[in-house]
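What follows is a single structure, written as structure tokens, with notes after it.
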Amino acid sequence: MKNLFALGLALIPWPVLSQSLEGTWQLTDSKTCFQTEMKESETEKELESMMGSNSQSSVAKLIVFKKDGSGQEGIFSTGKKKGSSMNDFHYKVSGQELHFVDKKSGMITQRFAIDELTETSLKIHDVVKECESKAFVRVK
């Protein structure tokens, strides 16, 4: 009976553990502490929805997580193969946290808590400033 229960638990999908950060992610939403605490008026909400539906963004902020623990982030423009302001970084995942680490010393430079990790979306927030959050969608 114990073995059957253990087998049943092993077959339950664990979303964070079964998903991987590897791949290319596009930033879709980023909120600072100031933006999180500020309440929008009805007029601002209405204007934002109208502006968002008519505008087409020609740039995207992408972040690439590679299998070897390295990655790149930068801004990509429509029609260009390479991004501008490309920054290389190293990362590691420890439990429910994403750590950006210094290449030479191995010291953690930034810590993010992983709120959600699915095949198509990633939501994280800064461990030090919990009110700062970022949302990404998988591109590749």
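Values below: all heavy atoms of this structure, side chains included; hydrogens, waters and symmetry mates excluded.
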Atom pair [atom1] ([X]) and [atom2] ([Y]), whose distance is rounded to the nearest 0.5 Å:
X: Lys123; Y: Ile114; atom1: NZ; atom2: CD1; result: 14.0 Å
X: Ser105; Y: Lys103; atom1: OG; atom2: NZ; result: 12.5 Å
X: Glu73; Y: Asp88; atom1: CD; atom2: CG; result: 10.0 Å
X: Ser70; Y: Lys92; atom1: OG; atom2: NZ; result: 15.0 Å
X: Cys131; Y: Lys31; atom1: SG; atom2: NZ; result: 12.0 Å
X: Lys129; Y: Arg111; atom1: NZ; atom2: CZ; result: 14.0 Å

With clusters defined by side-chain heavy atoms of hydrophobic residues (ILVMFWY) lying less than 4.5 Å apart, directly or transitively, does [Y] cluster with [X]?
X: Val93; Y: Val127; answer: no
X: Phe65; Y: Leu117; answer: yes
X: Leu98; Y: Ile63; answer: yes

Check: Mind checking what makes side-chain contact (heavy atoms from CB on, under 4.5 Å) contact with Ser94, not counting sequence neighbours?
Finding: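 Testing Ser94 for side-chain contact (heavy atoms from CB on, under 4.5 Å), a comparison that skips the adjacent residues, returns His99.
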
Next item on the list: List for me each residue that meets side-chain contact (heavy atoms from CB on, under 4.5 Å) alongside Thr28, sequence neighbours excluded, and say none if there are none.
Entry: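 Testing Thr28 for side-chain contact (heavy atoms from CB on, under 4.5 Å), a comparison that skips the adjacent residues, returns Ala135, Val137.
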
Notebook entry, point to check: Can you list the other members of the hydrophobic cluster that holds Ile108, where links are side-chain heavy atoms under 4.5 angstrom apart?
Noted result: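 Its cluster partners, ordered by chain and number, are Val101.
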
Notebook entry, point to check: Parallel, tilted or perpendicular for Phe100 and Phe89, by the 30°/60° rule?
Noted result: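 Answer is perpendicular, since the angle exceeds 60°.
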
Next item on the list: Could you tell me whether the side chain of Arg138 and the main chain of Glu22 form a donor-acceptor pair under 3.5 Å?
Entry: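 Confirmed, Arg138 side chain pairs with Glu22 backbone.
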
Note to self: Against Leu62, only a single residue in Ile75, Leu27, Thr24 fulfils side-chain contact (heavy atoms from CB on, under 4.5 Å); can you say which?
What the structure shows: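 For Leu62, the side-chain contact (heavy atoms from CB on, under 4.5 Å) test succeeds with only one of Ile75, Leu27, Thr24, which is Thr24.
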
Next item on the list: Return the minimal non-hydrogen interatomic distance between Gly74 and Met86, and the atom names on each side.
Entry: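 It is CA-SD, 3.6 Å.
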
Check: So, for Glu132 and Thr32, which heavy atoms are closest and what is the spacing to 0.1 Å?
Finding: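 Taking every non-hydrogen atom into account, CG-CA, 3.9 Å.
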
